[in-house]
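Reading through the structure tokens given below for one structure.
Basis for what follows: all heavy atoms, side chains included, without hydrogens, waters or symmetry-related copies. Note that the structure is predicted; figures quoted are calculated from it, not measured.
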Amino acid sequence: MNILTIDAGTTNTRTLLWRGGAVVAQAQLETGVRNTAIDGHNGALKQALRDTIASVLASAGIAPSAVDLALASGMISSPMGVQEVPHLPAPAGLAQLAQGMHAVDLPDVLAQPLWLIPGVRNQHGAVGLHNVEAMDMMRGEETEVVALLERLQLRGAATLIMPGSHTKLISVDEQRRILGCSTTIAGELLQAITQHTLIKQSVDGGFAQTLVPKMLLAGAAAAQKTGLARACFSVRTLGQFSAIECNERANFLMGAVLSGDLLALRNSTAIQMRPDTPLVITGKPMLRQALGLLIEEHGFFYGKRIIVDDQQQDHLAGHGALLIAAARGLISPQETV
């Protein structure tokens, strides 16, 4: 079978063509639902879908009519996507996600129906100041969770740490169901401070290139003691009055920002983390290393830690979409291996 999987998020659209459980072509564009918010319509998103689909089909040398199935996850199922699919309430696992899939016809994008995979929200009623911290949601990460748990053959409850533009802290149970999530904007915050504040000059507008544990931990400790805003200004002080190098200062800043993720991990009522809960850490190599070190040195967490490597997290969203489609009966399990 020729299967398209589309991961359309806030800023990027990624399309993969799968055959027999393997990726045979892929394409990506820096277009997402952010463009819908800016433009007031989803024309740019639809064009990105058309372009990435055309690219993978051309690379594979097949006609559009040869596509057997098309699957999509991420913000594409939000009100700013192509059609809204309501979040599923947690707990939600493979069976619930498969049942919640929704087919939509987009004749101006592709001839086949596009199967949208729903996101997941924490199960809470009306939200107010009394319970807002316990409420959270995701669109896209649920497919990555499904794939990651399958690849790791994880048994038992765990918390997944998935840093990126946003950090998602996701709690799963023994049945591999998503119990809840907690989100921070650590990645966006680090980028904004690095490139759009007075601190830009102190780090040359760039991020840490190599990990310097001493500086990472010092930044985290500073933020915990006197707050993030004060710790950030200390980066400027280090740049003006010390011999500490730029990469070291960037490590200090990264530690200060990521320390907030540890606070959320420890205290968020959205995931109700326990000190002995196993932790699975994904993301780019630098963030994986940094979070792993911060957690190791924190003292509160003593559960098993699994730091995922690049191969284990390659094409997670697409693989998860295949597993969900197989659970729905749209494809055979052989197409997911």
* **K304/I306 under side-chain contact (heavy atoms from CB on, under 4.5 Å): CA gap, chis, key distance, verdict** => CA-CA 7 Å; K304 179 182 179 182; I306 301 171; 4.0 Å; yes
* Run the salt bridge (charged side-chain N to carboxylate O under 4.0 Å, His left out) check on D108 and K46 step by step: do they pass? -> CA-CA 8 Å; D108 54 340; K46 285 188 172 182; 3.2 Å; yes
* For the residue pair E296 and F301, establish whether any side-chain heavy-atom pair is separated by less than 4.5 Å. => no
* Asked: Counting heavy atoms not belonging to E84, are there more than 12 under 6.0 Å from its CD?
  -> yes
* Asked: Do the side chains of E133 and S182 get nearer than 4.5 Å, heavy atoms only?
  -> yes
* Asked: What pair of heavy atoms forms the shortest contact from F207 to A250, and how long is it?
  -> C-CB, 3.9 Å
* To do: Verify, without hydrogens or angle tests, whether N42 (side chain) and L45 (backbone) share a donor-acceptor contact under 3.5 angstrom.
  => no
* Side chains of T5 and L322 in contact at under 4.5 Å (non-hydrogen atoms) -> yes
* Answer yes or no: is there a donor N or O on one side and an acceptor on the other, between the side chain of D204 and the main chain of G206, under 3.5 Å? => no
* So which heavy atom on A264 is nearest to which on T184, and how close? -> CB-CG2, 4.0 Å
* To do: Please examine the side chains of M135 and N131, heavy atoms only from C-beta on, and report whether any two atoms are closer than 4.5 Å.
  => no
* Asked: Got a donor-acceptor contact below 3.5 angstrom from the D7 side chain to the T15 backbone?
  -> no
* Asked: Counting N and O atoms only, with roles assigned by atom type, does the side chain of S171 sit under 3.5 Å from a partner on the main chain of L179, one being a donor and the other an acceptor?
  -> no
* **Test item: side-chain donor near acceptor, Q83 and H102, under 3.5 Å** => yes
* To the nearest 0.5 Å, tell me how far L253 CG sits from M215 CE. => 10.5 Å
* Asked: Can you say whether the rings of H298 and F300 are parallel (under 30°), tilted (30 to 60°) or perpendicular (over 60°)?
  -> perpendicular
* Asked: Which distance, rounded to the nearest 0.5 Å, do you find between the CG of L106 and the CG of L49?
  -> 7.5 Å
* Asked: Which atom names give the shortest non-hydrogen contact between N251 and T210, and what distance separates them?
  -> ND2-O, 2.9 Å
* Under 3.5 Å, is there a donor-acceptor pair between the side chain of N35 and the main chain of G32? -> yes
* Asked: Going only through I, L, V, M, F, W and Y residues with side-chain contacts under 4.5 Å, is there a path from M162 to L189?
  -> no
* Can Q47 and T31 be said to form a side-chain contact (heavy atoms from CB on, under 4.5 Å), step by step? -> CA-CA 9 Å; Q47 188 61 51; T31 303; over 6 Å; no
* Asked: How about R121 and M138: do any of their side-chain heavy atoms sit closer than 4.5 Å?
  -> no
* Q112 CD to N2 CG distance, which is reported to the nearest 0.5 Å -> 10.0 Å
* Asked: After noting the C-alpha distance and the side-chain angles of R139 and S73, does the key distance pass the side-chain contact (heavy atoms from CB on, under 4.5 Å) rule?
  -> CA-CA 7 Å; R139 285 193 189 272; S73 62; over 6 Å; no
* **Same apolar cluster: L71 and V145, side chain cutoff 4.5 Å** => yes
* Look at the side chain of K168 and the backbone N and O of M137, then say whether any donor-acceptor pair between them is shorter than 3.5 Å. => yes
* Asked: Looking just at side-chain N and O atoms, do Q312 and R151 make a donor-acceptor pair shorter than 3.5 Å?
  -> no
* **Enclosure of E245 CD (heavy-atom neighbours >12, cutoff 6.0 Å)** => no
* To do: Using only heavy-atom distances, determine whether the side chains of T282 and R288 contain a donor-acceptor pair under 3.5 Å.
  => no
* Would a 4.5 Å heavy-atom cut-off, applied to side chains only, mark L148 and L160 as touching? -> yes
* Asked: Given the rule that I, L, V, M, F, W and Y join up when any side-chain heavy atoms are under 4.5 Å apart, are I324 and L116 in one cluster?
  -> no
* **Atom of A325, atom of L69 and distance for their closest heavy-atom approach** => CB-CD2, 4.3 Å
* Asked: Under the 3.5 angstrom rule, does the side chain of S202 hit a backbone N or O of L198 as a donor-acceptor pair?
  -> no
* Candidate pair L211 and M286, rule side-chain contact (heavy atoms from CB on, under 4.5 Å), full reasoning -> CA-CA 7 Å; L211 191 66; M286 178 66 70; 4.1 Å; yes
* Any chance you could measure I3, atom CD1, to T336, atom OG1, to the nearest 0.5 Å? => 9.0 Å
* When rounded to the nearest 0.5 angstrom, what is the spacing between CD1 in I307 and CD1 in I281? -> 5.0 Å
* Asked: Do any N or O atoms from the side chain of D309 and from the backbone of Q311 form a donor-acceptor pair under 3.5 angstrom?
  -> yes
* **Minimum-distance pair of heavy atoms, taken over all atoms of T13 and A48** => OG1-CB, 4.1 Å
* Asked: Is it the case that more than 12 heavy atoms not belonging to Q240 sit under 6.0 Å from its CD atom?
  -> yes
* How close do G43 and R50 get, heavy atom to heavy atom, and via which atoms? -> O-NH2, 4.4 Å
* To do: Check the surroundings of atom CZ in R328: do more than 12 heavy atoms from other residues, nucleotides or ligands lie under 6.0 Å from it?
  => yes
* In terms of hydrophobic clusters joined by side-chain contacts under 4.5 Å, are V104 and L330 together? -> no
* Going hydrophobic residue to hydrophobic residue with side-chain gaps under 4.5 angstrom, can you get from L169 over to I178? -> no
* Does T277 use its side chain to pair, donor to acceptor, with the backbone of R274 at less than 3.5 Å? -> yes
* Structure fact -> In this structure, CG of L258 is separated from OG1 of T167 (nearest 0.5 Å) by 7.0 Å
* Are any side-chain N or O atoms of R177 and backbone N or O atoms of A92, one a donor and one an acceptor, separated by less than 3.5 Å? -> no
* Should E141 and I170 count as side-chain neighbours, where that means a heavy-atom distance under 4.5 Å? -> yes
* Taking NZ, NE, NH1 and NH2 as the nitrogens, is one of them in E248 or K214 under 4.0 Å from a carboxylate oxygen of the other? -> no
* **Side-chain heavy atoms of P118 within contact of H87, under 4.5 Å** => no
